[in-house]
Undergrad: 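Structure provided below as structure tokens; questions to follow.
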Amino acid sequence: MNPLELFQQQYEKQNTTQNWLNDFRQQAWHDFQQQGIPTLRQENWKYSNVSPIFKRDISIQQAAQIDLASIIAKAAIENYDCYRIVMVDGKWIPEHSVLPTAKEVEIIPLSSLSSVEVAKVEQVIAAGKEQSKLHPFANLNLALANESILISINKSLSKPIELLHISSAQQADAIAHSHQILYVNAHAHANFVERFISAQEQRYVLNSRCDILLSEQARLTHVRFESQSQQASHFRFIGVTQHRASHFDSYAFDFGGQFIRTDLVTRLVEKQAGCVLHGVYLVNQKQHVDNHTFIEHVAPECTSRQYYKGIIADSSRAVFNGKVIVQNTAQKTDAAQKNKNLLLSKTAEIDAKPELEIYADEVKCSHGATVGQLDEEAVFYLQARGISEESARSLMTYSFGDELIAQLPDNALVNLARTYLISKLPEGNVVKEYLQ
Amino acid sequence: MLAINNLHVSVGDKAILKGLNLQINPGEVHAIMGPNGSGKSTLANVLSGRPGYTITDGEMIYKNQNLSELSAEERAQQGIFLAFQYPVEIPGISNVNFLKTCVNAVRKQRNQTPLDAIDFLSKVREKMAVVDMDENLLYRSLNEGFSGGEKKRNEILQMSLLEPTLAILDEMDSGLDIDALQAVSKGVNALRDENRSFVVITHYQRLLTHIVPDFVHVLFNGQIIRSGTIELAQELEAQGYGWLTENTDA
């Protein structure tokens, strides 16, 4: 079936008694229909061709039987004491989740919210509305995801939370929509680690969305690991609204998947809010990773930083589009952006596009993008000390990627990121020995 | 141990070495002197396996192997060490971890057990003391921001850890003050023994008063035009290269 017909069918099957949710879904569906599936002729999609994905015989992901306990055990992060929220194909699995008391965190399916909680969710979704309108897959998600949950962080967390997204990957070319809403209360500090993994190698599509609201003085550290099957496609939208003096520290690690597109949008709507967006993407073979970031300075005196590094090998392709808008209400903005890319082969490709729109006049803004290769003199220097050429290249590639990994706030996460990085480098064992 | 027979080397279309002959036996220290452009660095580079050089005639035989059949890393593993004239800065690679990786790569090749971090650290400290090298340089990125003297000390430190059979010092003295020169010379002299040979490439006689060679060769226009002992170097110092080169056909 034509995917648009399939989605239409799925939309019409939705039933909920919640009028507020119906309104959101209807608007989102309408917006999606207007946009349709993006083509290369749209500026924001011109380097990422999604039509091969949607020419396939797509079906809706059905509930699948997988050995969850053993998947979770195998995926556990070493030496990391954390709470855990387990999602399978977008559905929350309470029996495998490990949570603190409701004083710290509450998880409520959208279909069972109290009116106070509805107000929170409306606030979160409405805050990001202008931006999410521009993202077709985010709209599709809002229209079709029917296991959405609200994660409410009521006070500072005593431990980090791992949000483990497992794609069952049992059916080829199936699509699942996953939606979480994260509401962080005033003054609450939280560390979140989101990981996307697959139960097995499979070609499928995951469309995920996370709407985040940071209340006054809230602080969220958000670390994301993309390590799904190398045949999987993932459309990911993260929309953040930041209130007064809140802080958002984001780390994105893209290692897995076949086709990954992330739209990370953050709006600084009250004074003195700040965000730091870090990212490392390492693609090889024929992978395609596209990171679009968008930071909107609405309020004055806010700070934003972006630093993404890319390693592109074989015939893979990466896209980095970093956009910053400084509205005329955002005086005394301090925004800086950096994107550095390392090309490891003649057929690797990177499209890097910084975008800066400034409508205020008392601002500090900078941006820069570089694309380079390994220093051959340095490779020879290492070879002249007995290190094989391939190992030398891997050591230098490792050190390029490690700059941002080393900044992660927790050693367990540093080790996890390094393990992923090393597993994708030839002669990775030499790098491991080097690290000991 | 090293026999270079009628070696002709080009870079692109340009012929640089034009029939170089040199015989180095174990335990010998050979100095190579000569004016700029004579081919001294080319000799160092082609021995260590740097890409970009073509051997158009002749051969280099090292320990009964034809060197051109070995990659740069194989030559290093077989005991050839090049101390770079301009050591490369590699940001993000920790000096101490790098040193340990190289040492263990060579030890593996020689069927020796790898050193663990603790054993390695004590060995490194011992060797650093010989060249008066500051320990904090271990914990920095490889050569990054090192002064000229610190970079050359780091080269000699690597050499003393890797225990090569043939060490090639490419203009070891360039950019060094008197103290640094004495320190690196001390390091080199501490490694001299009857099984290890050195090729010391230099412009100036000064280095050779610290590292006294067994033989001195003058390289001019891609060939060795005169060989002798330390007295030859002293005469060159007094008279300049013109004394020799004017009487030689190009």
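Throughout, a chain's letter reflects where its sequence line sits, starting with A, and its residues are numbered from 1. Worth saying up front: this structure is predicted, and the values here are computed from it rather than measured.
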Undergrad: Checking B:Asp13 now: which residues fulfil side chain to side chain donor-acceptor pair (under 3.5 Å) with it, not counting sequence neighbours?
TA: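 So B:Asp13 forms no side chain to side chain donor-acceptor pair (under 3.5 Å) with any residue.
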Undergrad: Taking atom CG of B:Asn64 as the centre, does the number of heavy atoms from other residues, nucleotides or ligands within less than 6.0 Å exceed 12?
TA: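 Count not over threshold, so no.
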Undergrad: Could you pull out the closest heavy-atom pair between A:Ala384 and B:Phe84, with the gap in Å?
TA: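 Closest heavy-atom pair between A:Ala384 and B:Phe84: CB-CE1, 3.9 Å.
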Undergrad: Can you tell which part of B:Pro87 gets under 4.5 Å to a heavy atom of chain A, answering side chain, backbone, both or neither?
TA: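 Interface part for B:Pro87: both.
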Undergrad: Given heavy-atom pairs under 4.5 angstrom as the criterion, report whether the side chain, backbone, both or neither of B:Ile90 touches chain A.
TA: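 The side chain, not the backbone.
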Undergrad: Would you mind telling me which of B:Ala117, B:Ala105, B:Gly92 has the largest number of heavy-atom pairs within less than 4.5 Å of chain A?
TA: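 The option with the most such pairs is B:Gly92.
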Undergrad: In Å, rounded to the nearest 0.5 Å, how long is the span from CG of A:Leu382 to CZ of B:Phe98?
TA: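 Reported value, rounded in 0.5 Å steps: 5.5 Å.
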Undergrad: Please tabulate, one pair per line, the donor and acceptor atoms of chain A and chain B that lie under 3.5 Å from each other, or say none if there are none.
TA:
{"from": "B:Arg50", "atom 1": "NH1", "to": "A:Glu377", "atom 2": "OE1", "distance (Å)": "2.6"}
{"from": "B:Arg50", "atom 1": "NH1", "to": "A:Glu377", "atom 2": "OE2", "distance (Å)": "3.3"}
{"from": "B:Arg50", "atom 1": "NH2", "to": "A:Glu377", "atom 2": "OE2", "distance (Å)": "3.2"}
{"from": "B:Glu73", "atom 1": "OE1", "to": "A:Gln383", "atom 2": "NE2", "distance (Å)": "2.6"}
{"from": "B:Glu73", "atom 1": "OE2", "to": "A:Glu389", "atom 2": "N", "distance (Å)": "3.3"}
{"from": "B:Gln77", "atom 1": "NE2", "to": "A:Gly386", "atom 2": "O", "distance (Å)": "2.8"}
{"from": "B:Leu82", "atom 1": "O", "to": "A:Arg385", "atom 2": "NH1", "distance (Å)": "3.1"}
{"from": "B:Leu82", "atom 1": "O", "to": "A:Arg385", "atom 2": "NH2", "distance (Å)": "3.0"}
{"from": "B:Ser94", "atom 1": "N", "to": "A:Tyr434", "atom 2": "OH", "distance (Å)": "2.8"}
{"from": "B:Asn97", "atom 1": "ND2", "to": "A:Tyr434", "atom 2": "O", "distance (Å)": "2.8"}
{"from": "B:Lys100", "atom 1": "NZ", "to": "A:Gln436", "atom 2": "O", "distance (Å)": "2.6"}
{"from": "B:Asn143", "atom 1": "ND2", "to": "A:Tyr381", "atom 2": "OH", "distance (Å)": "3.3"}
{"from": "B:Glu155", "atom 1": "OE1", "to": "A:Arg385", "atom 2": "NH2", "distance (Å)": "2.7"}
{"from": "B:Glu155", "atom 1": "OE2", "to": "A:Tyr381", "atom 2": "OH", "distance (Å)": "2.4"}
{"from": "B:Gln158", "atom 1": "OE1", "to": "A:Arg385", "atom 2": "NE", "distance (Å)": "2.5"}
{"from": "B:Gln158", "atom 1": "OE1", "to": "A:Arg385", "atom 2": "NH2", "distance (Å)": "3.2"}
{"from": "B:Gln158", "atom 1": "NE2", "to": "A:Tyr381", "atom 2": "OH", "distance (Å)": "3.0"}

